[in-house]
Structure formats: C-alpha cells, structure tokens
K.L.:
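One structure is given below, represented as structure tokens, and several questions about it will come after.
So that the names make sense, note that chain A is the first sequence line, chain B the second, and so on, each numbered from 1.
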Amino acid sequence: MSFLPHAIRPVTDTPRLRFAPSPTGYLHVGGARTALFNWLYARKLGGQFLLRIEDTDKARSTDESTRAIFEGLTWLGLDWDEEVVYQGANVERHARDAHALLASGHAYRDFTSAVELAAQRAEVEAKGPGHAFRVDRAKVDLPAAEVEARLARGEPYAIRFRVPEGTTEWPDLVHGRIAFPNKDIEDFIILRSDGTPVYNLAVVSDDIAMRITVVMRGDDHISNTPKQILLYQALGAALPTFAHLPMIHGTDGKKLSKRHGATAVGDWQHEGILPSAMCNFLALLGWSPGGDLEVMMREELVARFGTEGLLKKAAVFDPKKLEWMNGQHLSRLPLGEVSARVLPALVGAGLATNEEVAARHDWMLRLVDLLRVRARTIDDIVRQAAPYLREAISYDADAVAKQWKDRAATRELLAATREVIAALATWTPEAMEGALRTLAESRGIQAGKIFQPLRVALTGLGVSPGIFEVLELLGQPRAVARIDAALRELA
RNA sequence: GGCCCCAUCGUCUAUCGGCUAGGACACAUCCCUUUCAAGGAUGGAAGACGGGUUCGAUUCCCGUUGGGGCUACCA
C-alpha cells in the first residue's frame, strides 16, 4: 500500500449522483440518456444513484408526468437508491438558504415588482437588437435606511444574489476547464417575492442536502453552472464535480423535439424495442468505449463505462441504428429475457392467453427463438407469430400471387406434398427433408418449387423460418390440416 | 446583440503528432440459401476554411465560418 493522496479519503466517500427531471412531460430520450450515464457511473463505482423530481413549477408539473418518469426509468432498468426526493417538499429549506445569504451579505432585497421589471426590460429591448437589459445593482440595492422603511411598510421583495467580482471556473469532466467572467453574470434572483425559490437556488440547496458529489447533466446547463458554483461558495459548501454531456439532436441536426417523431422512451417501448438495446444505443450517444465495440449488454456497459470516454459533440438520434441495435439484442440476449418481453406482447395482441402460454411454455420459447432471428422489434415477432398461434390463417395476397400463380398446378403439387407429409412415420426435420427432396426429384423439379407453395399453405405468408422448422412447430396434424385448408382455398 | 460550448464519411464513432484516416448504421453489388432475416465479402462515402508551431499535423495554438446552448421573480 502506498500513500497516494486519494488513498486517505474515507472509504465511505462513494460517489453520489442524481437524475433531476422536471415532471412536465414524458421521459424523453435526452433525459433517459442523462439518467443512464448517472446510473452507469454510480453502479460502476459502487456509489448511489438518486432521483429528484423538480416539481417547483406547479403550473407545469403533473403527477402523470412523474409517473411516466418512474415507468420509463423502471423499464430501462435504471433503478434508483434511497427515496425519491420531491423538490417541492424542500421549499422551506430553500427559503432559509436564501435568507442566510441575505444575512451574510451575499444577497440583497430587490423591491422592484415583477411587472415593473418586465416593463423596464421591454423598454430597453424595444430599442432593437444589441440592447440587452441588465439589472443595475446601484439602483436596485437600496441603502439600509430605505430598505428598513420599505420593510416597515410591508412592501414585498425578491432576494437577489450579489455576484462578486472575479472569474468563476471549474474543471469539467467532459470539457476540461470552463471559465466565466463574473461581470457577464447578472445579479440573479434566488427567491421570488412570493417566497418561492428559483431553479438555481433550489438545485444547489438540494444537491448540498442530498450530498451529491457528481453533477452530470446536459450541456444546456453550462451557463447555469457558474451561478450555482457561486451559490455553493456563498453557502460555504463543498463543490461537486461537474460533467456536462452533449445534447442529442434530431436527424435534421436540430434539437430533438416532437417534430422528430418518437422521442419519448415510452414510444420506443411500444414500438417493440428492448430496454437493453435502448440503453446500449443511448450509451453510444455521447460516450464511446474506444475501439470498435458497439453491441454491449447491460453488465458490459457498466464494466466499460468511464468519464474518459465521454464526448463533447452533440449526437444525432438515428432510429435506423436503434432498430439494428435492437435486432442484435433480440438475437444475442438469453432466450428467457427475450421471451419475457415477447410473450406478454403476444397475449396483449390477443394471439394467446396467459393460460396457453403457461401450458405450452417450451413450445412458446421455441417459437420465439425461431422468430427472433429475423426480427428487429418485438412487434415484428408478434406480426410473424399469428400463423402459429391461430387456427385459421389468412393468405397474404402478394405471397399467393407469387407462389400460387398457377392454382391448378399448385393444388396438384400440394396434394402430393400432403400425402408425403401425412405419411411420415417420424416427425423430424431429417425425415421431412428426405421425403420432400425425394418428392422433388421424382417430379424433376427443384426442392424450392415445393417449399415455397408449402410455406404459403402452412403460414399464409411468403416469409417464415425454415420450412422444416415451421412443420416441426406446427406438428403433423396441424400441418396436414393447413394443407387441406389450402387445397380447399385453391379449389 | 452578449456570454459559453462544439466541429472526422449522410449518421454514430476510432485516432490520444507519423494515416494508404479504421469500425458500425444506412445505401449498392455479390456469396450463402427453401423465403425473409442473420452471417460473410466488396464498393462508394470524411478530417469546414485560413494562418501558425513542428522534420511531420485530423491530432497542439490563433482566427474565420458554421452549428448549438444560455441570456426570466421557467426548470
């Protein structure tokens, strides 16, 4: 053991991170990505991942959104530690912190009313571009006697932070050193005249209370950071480490929004995307393990994640690659994990009942196993599964047009095929293949000429798993019955 | 407008001064083949621009351009 500086840190000093969404809508992919990185970091280092709902904007926050956030995170498998913190429950502490800053001289009272302020701002901005309104501390920070007088009259006031001279800078885990001259930061309000806290104060107050050590969030928060650092310092609290992640854009390079189609994680859940694929895909937006590695299961993501791989550049969300990624996960995940998602979807689509799934579990697993290879989404599997789960099938028009072109000839061929199938003593792929290829030879045609019409007869579709696997899955009686049905269809 | 961040194929990215710039998605062609996938092979496709620093710049520095974010008694 050497005496490296970090070795003397207490072992209890594990990283504490949080995801702090405001419940004003569904959980979108950008938020999910931020949550994922915080979670990965905490899980990798054995720290805590906390969840805080920033619901201080009562007008926009809804319980439904909060629920959507819980559901989204749960679906993604991003479990949080400790109890959920609701920012709204801490407004008293926020106000206390604001008044402490007032008492210590780090803040002052501003008696300007909100409407008055807005009017002043409008007046300046009306002069055209280039004219930016700026609060003038000399006019707003009144002499003690004046403040006392107004206070005695019961005039309402907001509390404004007194931005000190100098430069505020921090070593960002993603960007390295970032610095802001304090002269560019306006004295900002931390407590409204109605006594409620403003965002930057609430965040800092809560992060201190929650003992957050690493603040990882979107880089749209970079310009909030100097204000927050100033608050930490004025409050006499230790600074957390900051990491600002790049944004996620839509295919047009603009900030991701509803216009880009599915942007809520719930949308992708309903489109049949697996949570592990979603996490894998999202992880690659703003982070890289280095090298050529792309497809990673959850454990590998945790094992490889690190701040060294964090990227600075905004990434474009490409749904095509997400679907490819999902196809990879569909094939590579243990069958049990895939079926755990697919089987309920089959029930949900009305193709099977929970009782049937339970009664024929192994058969169901075999079905999922055969279908998952050629699917990119759970919905793809559901769409392909119908012929195996329903008694009556419908015939796909394109498949019929292509494979049953000559109806009379097809009927005759299928009749011959039926006899071969029905006569099989052993129901194995080897037996089926041997018998069907013999039939093809005896008729002097290619085996495919038998397989294709048969596929349509058995499934009603032009595409399916290998023909012998289909036969095996259906079982001899149903296979024969399907061919009989096809013969009637062709009559 | 001011401040801040960013800049390699269409997209996600590798490269931590030596590059014939690698991989993946998408696209095209081919192979495999009972269909469709999967898999394999091949192809087209990139260092925004201008200055430095250096024996040597995609890589380091400066500027320009472009994109993004913030600029509230929103979060």
K.L.:
May I have the distance from A:Asp380 (atom CG) to B:C36 (atom P), rounded to whole angstrom?
P.N.:
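Whole-Å distance recorded here is 16 Å.
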K.L.:
Mapping A:Arg374 and A:Lys312 onto RNA chain B by nearest heavy atom, which one lands closer to the 5' end?
P.N.:
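The 5'-side residue here is A:Lys312.
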K.L.:
For the pair made of CG in A:Leu311 and P in B:U8, what is the distance, rounded to whole Å?
P.N.:
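Taking atom P of B:U8 as the reference, CG of A:Leu311 is at 10 Å.
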K.L.:
Can you work out whether A:Arg121 or A:Lys402 has the more 5'-proximal nearest nucleotide on RNA chain B?
P.N.:
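The answer here is A:Lys402.
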K.L.:
Taking the P atom of each, how far is B:G2 from B:G10, in whole Å?
P.N.:
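The answer is 32 Å between these two P atoms.
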K.L.:
How would nucleotides 24-30 of chain B be written as a contact map, 5' to 3', with B for base contact, S for sugar-phosphate-only contact and - for no contact, using protein heavy atoms under 4.0 Å?
P.N.:
BSS----
K.L.:
Any salt bridge (charged side-chain N to carboxylate O under 4.0 Å, His left out) pairs touching residues 23-36 of chain A, not counting sequence neighbours?
P.N.:
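Residue pairs with at least one partner in residues 23-36 of chain A: there are none.
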K.L.:
Which nucleotide in the set B:C36, B:A14, B:A75 lies at the smallest distance from any side-chain heavy atom of A:Ser22?
P.N.:
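Given the options B:C36, B:A14, B:A75, the side chain of A:Ser22 is closest to B:A75.
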K.L.:
Roughly how far apart, to the nearest Å, are B:G50 and B:U59 at atom P?
P.N.:
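It comes out at 13 Å once rounded to the nearest Å.
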K.L.:
What pairs with A:Ala98 under side-chain contact (heavy atoms from CB on, under 4.5 Å), at least two apart in sequence or on another chain?
P.N.:
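Checked A:Ala98 against side-chain contact (heavy atoms from CB on, under 4.5 Å); matches are A:Ile159, A:Ile190, A:Leu191, A:Leu201.
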K.L.:
Of the candidate nucleotides B:A37, B:U13, B:C73, which contains the atom at the shortest distance from the side chain of A:Ala114?
P.N.:
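Of the candidates, B:C73 comes closest.
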K.L.:
Measure centre to centre between the rings of A:Trp80 and A:Phe19, then say whether the value is under 6.0 Å.
P.N.:
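No, too far apart.
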K.L.:
Determine, using ring centers only, whether A:Phe37 and A:Trp287 are less than 6.0 Å apart.
P.N.:
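That pair fails the under 6.0 Å test.
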K.L.:
In terms of side-chain geometry, is the basic nitrogen of A:Glu155 or A:Arg109 positioned less than 4.0 Å from the acidic oxygen of its partner?
P.N.:
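No, A:Glu155 and A:Arg109 are not salt-bridged.
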K.L.:
Which part of the nucleic acid, if any, lies within contact of A:Leu454, taking any heavy atom under 4.0 Å across all strands shown: a base, the sugar-phosphate backbone alone, or nothing?
P.N.:
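Contact class for A:Leu454: none.
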K.L.:
What integer distance in Å separates A:Lys313:NZ from B:U15:C1'?
P.N.:
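Whole-Å distance recorded here is 14 Å.
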K.L.:
Can you tell me, in whole Å, how much space there is between the C1' of B:A72 and that of B:G47?
P.N.:
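Straight-line distance between the two C1' atoms is 41 Å.
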K.L.:
Calculate the interatomic distance between A:Glu323 atom CD and B:C12 atom C1'; express it in whole Å.
P.N.:
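So the CD-C1' distance, A:Glu323 to B:C12, works out to 16 Å.
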K.L.:
Is A:Asn224 touching bases, backbone alone, or none of the nucleic acid, heavy atoms closer than 4.0 Å?
P.N.:
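Since a base atom lies under 4.0 Å of A:Asn224, the category is base.
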K.L.:
For B:U34, give the paired nucleotide (Watson-Crick: N1-N3 plus N6-O4 or O6-N4; G-U: N1-O2 and O6-N3; both under 3.5 Å), or none.
P.N.:
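By the stated definition (distances under 3.5 Å), nothing pairs with B:U34.
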K.L.:
Take atom C1' in B:U33 and the same atom in B:C27, then report the distance between them in whole Å.
P.N.:
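Going atom to atom, C1' in each nucleotide, I get 23 Å.
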K.L.:
Rounding to an integer number of angstrom, what distance separates B:A26 and B:A38 when you compare their P atoms?
P.N.:
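Per the computed distance, 8 Å lies between those P atoms.
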K.L.:
Between protein and nucleic acid, restricted to nucleotides 32-34 of chain B and to nitrogen or oxygen atoms under 3.5 Å apart, what atom pairs and distances do you find?
P.N.:
| from | atom 1 | to | atom 2 | distance (Å) |
| --- | --- | --- | --- | --- |
| B:U34 | OP1 | A:Arg437 | NH2 | 3.2 |
| B:U34 | O2' | A:Gln452 | OE1 | 2.9 |
| B:U34 | O2' | A:Arg455 | NH2 | 3.3 |
| B:U34 | O2 | A:Arg455 | NH2 | 2.3 |
| B:U34 | N3 | A:Ile467 | N | 3.3 |

K.L.:
Any non-hydrogen side-chain atom of A:Arg372 less than 4.5 Å from a side-chain atom of A:Leu335?
P.N.:
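The answer is yes, as the side chains (C-beta and beyond) meet within the 4.5 Å cut-off.
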K.L.:
Between A:Phe281 and A:Phe317, is the gap from one ring center to the other below 6.0 Å?
P.N.:
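Here the rings of A:Phe317 and A:Phe281 have centres that are less than 6.0 Å from each other.
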K.L.:
Near RNA chain B, which residues from residues 55-64 of chain A have a heavy atom under 4.0 Å away?
P.N.:
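Correct list: A:Thr56, A:Asp57, A:Arg60.
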K.L.:
Rounded off to whole Å, could you give me the CZ-to-P distance for the A:Arg109 and B:C73 pair?
P.N.:
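In whole Å, B:C73 P and A:Arg109 CZ are 19 Å from each other.
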K.L.:
According to the salt bridge (charged side-chain N to carboxylate O under 4.0 Å, His left out) rule, which pairs have a member within residues 318-332 of chain A, sequence neighbours left out?
P.N.:
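Qualifying pairs: A:Glu294-A:Lys321.
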K.L.:
Enumerate the salt bridge (charged side-chain N to carboxylate O under 4.0 Å, His left out) contacts for residues 196-207 of chain A, please, sequence neighbours excluded, ordered by first and then second residue.
P.N.:
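As it turns out, the salt bridge (charged side-chain N to carboxylate O under 4.0 Å, His left out) pairs with a partner in residues 196-207 of chain A, which skip direct neighbours, are A:Arg18-A:Asp207, A:Arg52-A:Asp206, A:Arg52-A:Asp207, A:Arg93-A:Asp206.
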K.L.:
Please tabulate, one pair per line, all N/O donor-acceptor pairs under 3.5 Å involving side-chain atoms of residues 112-119 of chain A, not counting sequence neighbours.
P.N.:
| from | atom 1 | to | atom 2 | distance (Å) |
| --- | --- | --- | --- | --- |
| A:Thr112 | OG1 | A:Asp110 | OD1 | 2.6 |
| A:Ser113 | OG | A:Glu116 | N | 3.1 |

K.L.:
Is any N or O donor-acceptor pair between the side chain of A:Ser193 and the base of B:C73 shorter than 3.5 Å?
P.N.:
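Checked by distance alone, the answer is yes.
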K.L.:
Rounded at 0.5 Å granularity, tell me how far CG in A:Leu351 sits from CG in A:Leu389.
P.N.:
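The CG atom of A:Leu389 is 5.5 Å from CG of A:Leu351, to the nearest 0.5 Å.
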K.L.:
Watson-Crick or G-U wobble partner for B:C70, using a 3.5 Å limit on both distances?
P.N.:
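Here B:C70 is engaged in a pair, and the nucleotide opposite it is B:G2.
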K.L.:
If pairing requires Watson-Crick or G-U wobble contacts with both distances under 3.5 Å, which nucleotide is the partner of B:A7?
P.N.:
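B:U65 - that is the nucleotide pairing with B:A7, both distances being under 3.5 Å.
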K.L.:
Return each pair, listed once, that meets salt bridge (charged side-chain N to carboxylate O under 4.0 Å, His left out) where at least one residue sits in residues 163-190 of chain A; pairs must be two or more places apart or across chains.
P.N.:
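Listed by first then second residue: A:Arg137-A:Asp187, A:Glu169-A:Arg177.
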K.L.:
Classify the ring geometry between A:Phe70 and A:Tyr86 as parallel (under 30°), tilted (30 to 60°) or perpendicular (over 60°).
P.N.:
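It falls in the perpendicular class, over 60°.
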K.L.:
Between atom CZ in A:Arg177 and atom P in B:C5, what is the gap in whole Å?
P.N.:
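To the nearest whole Å, that distance equals 12 Å.
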K.L.:
Using a heavy-atom cut-off of 4.0 Å across all strands, would you classify A:Gly286 as base, sugar-phosphate, or nothing?
P.N.:
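Answer is sugar-phosphate: A:Gly286 comes under 4.0 Å of backbone atoms only.
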K.L.:
If we take the C1' atom in both B:U58 and B:A48, what is their distance in whole Å?
P.N.:
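Approximately 12 Å lies between the C1' atom of B:U58 and that of B:A48.
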K.L.:
For B:C60, give the paired nucleotide (Watson-Crick: N1-N3 plus N6-O4 or O6-N4; G-U: N1-O2 and O6-N3; both under 3.5 Å), or none.
P.N.:
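Answer to the pairing question: B:G52, which forms a Watson-Crick or G-U pair with B:C60.
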K.L.:
Of the candidate nucleotides B:C73, B:C4, B:C12, which contains the atom at the shortest distance from the side chain of A:Ile178?
P.N.:
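Of the candidates, B:C4 comes closest.
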K.L.:
B:C25 and B:U34: how far apart are their C1' atoms, nearest whole angstrom?
P.N.:
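After rounding to an integer number of Å, I get 29 Å for this pair.
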K.L.:
Could you check whether A:Val316 gets within reach of a base, just the sugar-phosphate, or nothing at all, counting any heavy atom under 4.0 Å?
P.N.:
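Contact class for A:Val316: sugar-phosphate only.
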K.L.:
Does any pair with a residue in residues 445-454 of chain A pass side-chain hydrogen bond (donor to acceptor under 3.5 Å, both in side chains), and if so which ones, sequence neighbours excluded?
P.N.:
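Sorted result for residues 445-454 of chain A: A:Gln452-A:Arg455.
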K.L.:
Determine the contact category for A:Ala179: base if any of its heavy atoms lies under 4.0 Å from a base atom, sugar-phosphate if only primed atoms, P, OP1 or OP2 are that close, otherwise nothing.
P.N.:
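If one applies the 4.0 Å heavy-atom cut-off, A:Ala179 turns out to touch the sugar-phosphate alone, with no base involved.
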K.L.:
On the 0 to 90° scale, with breaks at 30° and 60°, tag the A:Tyr157-A:His99 ring pair as parallel, tilted or perpendicular.
P.N.:
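Perpendicular, since the angle between the ring planes exceeds 60°.
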K.L.:
Let's test this: given Watson-Crick or G-U wobble pairing with both distances under 3.5 Å, identify the partner of B:G43.
P.N.:
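When the pairing criteria are applied, B:C27 turns out to be the nucleotide that pairs with B:G43.
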K.L.:
N/O contacts under 3.5 Å, protein versus nucleotides 61-69 of chain B?
P.N.:
| from | atom 1 | to | atom 2 | distance (Å) |
| --- | --- | --- | --- | --- |
| B:G69 | O2' | A:Asp220 | O | 3.3 |

K.L.:
In this structure, how many angstroms lie between the C1' atom of B:C5 and the CG atom of A:Asp184, rounded?
P.N.:
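Those two atoms, CG and C1', are 15 Å apart.
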K.L.:
Return the set of residues passing side-chain contact (heavy atoms from CB on, under 4.5 Å) with A:Pro240 (not counting sequence neighbours), or none when no residue passes.
P.N.:
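Scan of A:Pro240 (side-chain contact (heavy atoms from CB on, under 4.5 Å), adjacent residues dropped) gives A:Val215, A:Tyr232, A:Phe242.
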K.L.:
Rounding to an integer number of angstrom, what distance separates B:C61 and B:C6 when you compare their P atoms?
P.N.:
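Per the computed distance, 11 Å lies between those P atoms.
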K.L.:
Side chains of A:Leu301 and A:Phe305: does their closest heavy-atom pair fall under 4.5 Å?
P.N.:
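SC-SC contact between A:Leu301 and A:Phe305 ruled out.
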K.L.:
Would you indicate what A:Leu284 reaches in the nucleic acid, counting non-hydrogen atoms under 4.0 angstrom: base, sugar-phosphate, or nothing?
P.N.:
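The residue A:Leu284 makes sugar-phosphate contact but no base contact.
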